[in-house]
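In what follows, every chain begins at residue 1, and chains take the letters A, B, ... in the order their sequences are listed.
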Number of protein chains: 2
Amino acid sequence: MTTTPTPSTAASAAPAADEYLRLEHQICFSLHAASRAFNSVYRVVLKELGLTYPQYLVMLVLWEQGELPVKKLGEHLRLDSGTLSPLLKRLEATGLVRRERSARDERSVHVHLTDEGTALKERALLVPRRISAATGFDLAEITDLRARLDRLTRALDAAALEETPDCL
Amino acid sequence: MTTTPTPSTAASAAPAADEYLRLEHQICFSLHAASRAFNSVYRVVLKELGLTYPQYLVMLVLWEQGELPVKKLGEHLRLDSGTLSPLLKRLEATGLVRRERSARDERSVHVHLTDEGTALKERALLVPRRISAATGFDLAEITDLRARLDRLTRALDAAALEETPDCL
DNA sequence: GCCCATTTAGTTGTGCGCAATTGAATTGTG
DNA sequence: CACAATTCAATTGCGCACAACTAAATGGGC
């Protein structure tokens, strides 16, 4: 499979290539679909909290870590300021967080929870079981799936760094 | 679980709940991150073809199925006209597809490949191995992961239908 | 034949996600 | 101290995802 040099040439008799495209469709699409399905369930559940899914992720980090600068927040979530700035502005508008320029380093903006944001955690504590129930997966399956996805993410990230040059 | 009426009260001694929130963070975030990492690699690879990732998915369906109406396309990809209409308009602008109102039923619009769109398949045949290589997963692992994700998607879809009412 | 519910695309508005750019603050170096 | 490189947040622009809505065409019941 990895050693076949020229599967090209014959456009009339190359079922293997089409098969790859089909398989390809399956894997990339499966992940894409699962992500959106997850998102969809979260949307319903989080609506009661007045949060979108990415906003919920930000709140999770803040509940766990307390106050922290936008930069650190972005590292936790793998998001840049282009995504976080408007998102945080919306969270601030709803009164859940406050942003303040650091006095020590005026480049950085520290994000911290308001009383209202802290209080929201109590209601959020019920979210995990509802999501967990919706998946129909038990703890072991979730843990296993998570490990695979994390490994996949690491591999893809590593590949992305070397992918840019030539090939194809 | 469903019968515990008041888990509230003690905010001082509830480590289990925080643990759930932490676990929660892990699973939802893992999927989210994996999806974006995948997307990121596809973006690099597909750039040479002049396609975005969702546009690539549309082309995959067209290469496999041939001409079909927007509605059917949406069923294959689980996308609605709100997403597909502008996307198809862009694909048409780049000359890869053409949209034509059906004569039989003027409500529906049939999407079919141009010669250029058909020709692009040849170049796309190399995409799967590059992606596959980037994952570092072998065929068995990918197949297994895909099966789990599909099962997860089905469960989440089913849950979404019954989720709306009360709970919490 | 006529009305009404349904089907089908398209449009609008909101919110990510990310590349590219801007601008201010800081740090390092001479 | 001065100047260049770096860091950090914000902004702009584009495309996707989805809810809500509009508008046109179809088909069934009467």
Side-chain angles (χ1 to χ4, degrees), chain A residues 28-29 31-44 46-47 50-58 68-75 77-94 97 99-111 157 160 164, chain B residues 28-29 31-44 46-47 50-58 68-75 77-94 97 99-111 157 160 164:
Chain A
C28 66
F29 180 64
L31 190 68
H32 198 59
S35 179
R36 284 188 292 133
F38 234 123
N39 216 307
S40 186
V41 172
Y42 270 107
R43 184 176 298 116
V44 174
L46 293 176
K47 195 174 198 173
L51 293 174
T52 67
Y53 180 65
Q55 287 167 8
Y56 174 67
L57 293 179
V58 167
L68 74 182
V70 174
K71 172 78 180 207
K72 289 289 179 192
L73 199 53
E75 286 171 5
L77 298 172
R78 308 162 57 83
L79 293 171
D80 65 5
S81 66
T83 300
L84 285 176
S85 286
L87 189 157
L88 291 171
K89 203 179 283 185
R90 282 186 285 271
L91 279 182
E92 189 171 38
T94 63
V97 308
R99 291 180 302 158
E100 279 174 12
R101 287 256 164 216
S102 167
R104 287 186 56 84
D105 185 344
E106 295 208 0
R107 289 172 303 179
S108 77
V109 170
H110 287 247
V111 183
D157 279 350
T164 328
Chain B
C28 67
F29 180 65
L31 190 69
H32 197 60
S35 179
R36 285 188 292 134
F38 233 122
N39 216 307
S40 187
V41 172
Y42 269 107
R43 184 175 298 117
V44 174
L46 293 176
K47 195 175 199 173
L51 292 173
T52 66
Y53 180 66
Q55 287 167 8
Y56 174 67
L57 293 179
V58 167
L68 74 181
V70 173
K71 172 77 179 205
K72 288 289 178 192
L73 199 53
E75 286 173 4
L77 298 172
R78 308 163 57 84
L79 293 171
D80 66 4
S81 67
T83 300
L84 286 176
S85 287
L87 189 157
L88 291 171
K89 203 179 283 185
R90 282 186 284 272
L91 279 182
E92 190 171 37
T94 64
V97 308
R99 290 180 303 158
E100 280 174 11
R101 287 258 163 215
S102 168
R104 287 186 57 86
D105 184 345
E106 294 208 1
R107 289 172 303 180
S108 78
V109 170
H110 287 249
V111 183
D157 280 349
T164 328

Base-contact (B) and sugar-phosphate-only (S) positions in nucleotides 4-12 of chain C, heavy-atom cut-off under 4.0 Å, - elsewhere: ---BSBBB-

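- Here A:Arg90 pairs with nothing under the salt bridge (charged side-chain N to carboxylate O under 4.0 Å, His left out) rule; sequence neighbours left out.
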Scan the side chains in residues 78-85 of chain B for donor-acceptor partners under 3.5 Å anywhere in the protein, sequence neighbours excluded, and list what turns up.
unit_1: B:Arg78; atom_1: NH1; unit_2: B:Asp157; atom_2: OD2; d: 3.1
unit_1: B:Arg78; atom_1: NH2; unit_2: B:Asp157; atom_2: OD1; d: 3.1
unit_1: B:Arg78; atom_1: NH2; unit_2: B:Asp157; atom_2: OD2; d: 2.5
unit_1: B:Asp80; atom_1: OD1; unit_2: B:Gly82; atom_2: N; d: 3.2
unit_1: B:Asp80; atom_1: OD1; unit_2: B:Thr83; atom_2: N; d: 3.2
unit_1: B:Ser85; atom_1: OG; unit_2: B:Ser81; atom_2: O; d: 3.1

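- Which of C:dC18, D:dG15, C:dC16 sits closest to the side chain of A:Arg90 comes down to C:dC16.
- Under the side-chain hydrogen bond (donor to acceptor under 3.5 Å, both in side chains) criterion, B:Arg99 pairs with B:Glu92, sequence neighbours left out.
- Partners of B:Lys72 according to the side chain to side chain contact (heavy atoms under 4.5 Å, CB included) rule, which considers only residues two or more places apart in sequence or in another chain, are B:Leu68, B:Pro69, B:Glu75.
- Rounded to an integer number of Å, the gap from CD of A:Gln55 to C1' of C:dT14 is 11 Å.
- Going from atom OH of A:Tyr53 over to atom P of D:dC18 covers 14 Å, rounded to whole Å.
- Distance B:Arg36 CZ to D:dA17 P: 15 Å, rounded to the nearest Å.
- The shortest heavy-atom contact between B:Ser35 and A:Leu31 is CA-CD2, 3.8 Å.
- Here C:dA20 presents its C1' atom at 11 Å from NZ of B:Lys47, a figure rounded to the nearest Å.
- The phosphate of C:dG17 (OP1 or OP2) has a side-chain N or O of B:His32 nearer than 4.0 angstrom.
- Closest-nucleotide positions on DNA chain C for A:Ala103 and A:Asn39 were compared, and the one nearer the 5' end corresponds to A:Asn39.
- Atom CG in A:Leu77 sits roughly 15 Å away from atom C1' in C:dC18 (whole-Å rounding).
- The CG atom of A:Leu87 sits 14 Å away from the P atom of D:dT11 (whole-angstrom rounding).
- Here C:dC18 is the nucleotide among C:dC18, D:dG15, D:dA19 with the atom lying nearest to any side-chain atom of A:Asp80.
- Relative ring orientation between A:His32 and B:Tyr53 is described as perpendicular, the plane-to-plane angle rising above 60° on a 0-90° scale split at 30° and 60°.
- For A:Ser102, the side chain to side chain contact (heavy atoms under 4.5 Å, CB included) criterion is met by A:Arg104, A:Asp105, A:Ser108, A:His110, not counting sequence neighbours.
- As rounded to whole Å, 14 Å separates atom C1' of D:dC8 from atom CG of A:Leu73.
- Distance, A:Arg43 CZ to C:dT14 C1': 11 Å, rounded to whole Å.
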